[in-house]
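See below for the structure under consideration.
Naming: A, B, ... by sequence-line order, numbering from 1 per chain. Treat the numbers as computed from the prediction; the structure is a model and nothing was measured.
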Amino acid sequence: MAGVLQSAMSADELSIEASDIPALLELVRETADPKFGDYTATLAMPLAKRLGAKPRDLAERLIVRLNADTCFTRLFDHVTGPVGPGFINVRVRDDALACGVAAACGDPRLGVLPVAQSETIVLDYSSPNVAKPMHVGHIRSTVIGDALARILRFRGHRVITDNHLGDWGTQFGMILWGWKHCRDEAAYTADPTAELSRLYRLVRKVADAKPEELAADPEAAALAEAHPEAGREVLLETAKLHEGDAENRRLWDEFMPACRREIERIYGRLDVTFDHTLGESFFQPLLAGVVTDLTAAGLARESRGAIGVFLDGQETPLLIRKADGAFLYATTDLATLAWRAEHWQPDRILYVVDHRQSQHFQQVFTTARSWGCRAAERLAAMQLVHVAFGTVLGEDGKPFKTRAGAAVGLEALLDEGVERALAIVGEGEHARQGMDEAQRQEVAEAVGIGAIKYADLSQNRTTDYVFSFDKMLELKGNTAAYMQYAVARVEGIAGRGGIDREALRQQVAADPASIELADPRERRLALAALRLAAVLEDVEADYRPNLLTGWLFELAGLFSSFYDALPVLKAEGRQRTTRLALCDLTGRTLRQGLELLGIRVPLQM
RNA sequence: GCGCCCGUAGCUCAGUCGGAUAGAGCAUGGGAUUUCUAAUCCCAGGGUCGCUGGUUCGAGUCCAGCCGGGCGUACCA
């Protein structure tokens, strides 16, 4: 709808200004206050300045043209005149809005057209370290990345998701060292990943040898005393693995399946899937070639025993080989980048990674672009984006830890969320819904895990935020539960009224005149429901899912007010049809929006 | 030192490219259920947008300086 307004404006604009119409059209937006109409254009002011005219006069001239344009008048009410310094406020015609509602009702995609230019987009997110249990720090990348993948796909792009597992780094050296020095066979047999993560946590302390940590952990302290060279030995184990040492390789082969089953289990609960899980180990055979290539190209050179890429304007080099011969994650990232360019030929690669790595990616991207590898041409044309997000902080403003100092396990968080939801599902009002145990459990999973995801997605991804268990598991206010509840109410109406929703959609789509938006609450709801396409476009432009959550919350809020004030099933004639259509459209739209965020939507709550 | 990011209500945060009276949620106080799910709705209080200056019809938003905080900064990822 906004799009049509824009084309109307642009047709007019052409006679006044030539080239920079797109920028001017950006100055059309929704109004801040409904009393100013539905949309407002602020382009008269800057344009007038450039032309040396009075803003209000220019706005007046534009308005005359708009009112004379049939394309415009078919969709918008007659514009009376400029407001204030030169605002042009327009209001969508009620019959045009009704047509929009009817069209969306009859469309499985809710009126969202696929993008004109579909692109191949590789999305790199989650990427946990298999040696460590997943914790709250992994939520953001996983949840944001998954939501972006779903949204870009829905928009019509070819999306390839790849979970770049950390399965080849120093952490594995720690596990190997721990396995050889202090393993608990029985514990390993009973629960392999639990034992491996115990070893990881223990050996990390031993290797780091920080006095305050050792003081708090007698076992680690004893080991550190017995093995003063532990730190060096861990690196040696890592190096041996990389060099193809038979025993370390055998252990790695043995540990990996269990590690991967463990993370798959968590992804299962989160409804997160990947097209590929090519971990760091997959690219390991290519690493030596990266170093040779970059050195031969003159980009990388030896320095202090290591090999690094020295870039203009960068204080420090991007190291791609350590003095001891081992490769670093920059090496893997470069190899991965080139491999993806060659095999998937993407138009874009998005990395959903903590903002603390922005410098790293900047260096990797710059290096990749000037690298004359086989995929050089592709690489040069590719858009490489670090979709950075803020750190999750504790109340002390430092990266989040529990009181005991350990990272909060992801699974424990999920369990807690489901438990809290379960307590509410069982309360008063809901008993009458007659849900059985299995249904209650299902609703609790959707609500509890939805709350956790939503807490992350609704936050502007670029800023750090203070982790609050209570806030994240909140089930009222601006949370997933609020939207889920609104959908459940729609389902309730449809069920209680015995509504054939498919028939309703067809009827409305075939006869838009059956929609009459008489009440302002109906009108506002309709206007909001039709914004899905525009919102998704904005989400893609800046990779910001919080724009979607913000709009969903607004839509659900408008629906709740509508629901509270206006009876649906008891209405009659066109009024009933209109309200039923609005319920159906809102319910479907909210459901679609939540699903694009990876949040489940139960039929009842 | 250098680079990047942040500072908005008691708390947690939105605020698009500079637009009209700076918004939500939580918390606090008041009200609403013979009527489709009260996980709801309606109303109220609450602000030096870190500070100072600049740009202009208009600045939370852009520019400069300052104060405060975070992160990164050579062989972890």
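Comparing B/A27 with B/U40, their P atoms sit 10 Å apart, to the nearest whole Å.
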**Request:** Test ring pair (Phe, Tyr, Trp, His ring centres under 6.0 Å) on A/His164 and A/Tyr351 and set out the steps.
**Result:** CA-CA 10 Å; A/His164 192 68; A/Tyr351 293 83; 8.4 Å; no

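The side chain of A/Asp564 lies closest to B/C41, out of B/G72, B/U12, B/C41. Of the candidates B/A77, B/U37, B/G19, B/A77 carries the atom nearest the A/Glu280 side chain, counting heavy atoms from C-beta on. Nearest nucleotide to the A/Asn460 side chain, out of B/A14, B/A20, B/U73: B/A14. In the set B/A20, B/U73, B/A77, B/U73 carries the atom at the smallest distance from any side-chain atom of A/Thr316.
Using a 4.0 Å heavy-atom distance criterion, A/Thr42 is classed as a base contact. When heavy atoms are screened at a 4.0 angstrom cut-off, A/Phe36 is found touching base atoms of the nucleic acid. Looking at heavy-atom distances under 4.0 Å, A/Ser303 makes contact with a base. Note on A/Asn89: a base of the nucleic acid sits closer than 4.0 angstrom, heavy atoms only. Within 4.0 Å of A/Leu566, counting heavy atoms only, lies at least one base atom of the nucleic acid. Residue contacts for A/Leu319: at a heavy-atom cut-off of 4.0 Å it reaches a base atom on one of the strands shown. Using a 4.0 Å heavy-atom cutoff across all strands shown, A/Tyr563 reaches at least one base atom of the nucleic acid. Base engagement by A/Gln357 is indicated by at least one non-hydrogen atom pair under 4.0 Å involving a base atom.
Residue A/Tyr485 places at least one side-chain N or O under 4.0 Å from the OP1 or OP2 atom of B/A39. In terms of phosphate contacts, A/Arg489 brings no side-chain nitrogen or oxygen within less than 4.0 Å of OP1 or OP2 of B/C36.
When rounded to the nearest whole Å, the span between CG of A/Leu457 and P of B/A24 equals 23 Å.
Remark: B/C71 base-pairs with B/G3. Criterion, Watson-Crick or G-U wobble with two distances under 3.5 Å. Nucleotide B/C13 forms a Watson-Crick or G-U wobble pair with B/G23, both donor-acceptor distances falling under 3.5 Å.
The shortest side-chain heavy-atom distance between A/Met174 and A/Glu237 does not fall under the 4.5 Å cut-off.
The aromatic rings of A/His386 and A/Phe361 lie tilted to each other, with the angle between the two planes from 30° to 60°.
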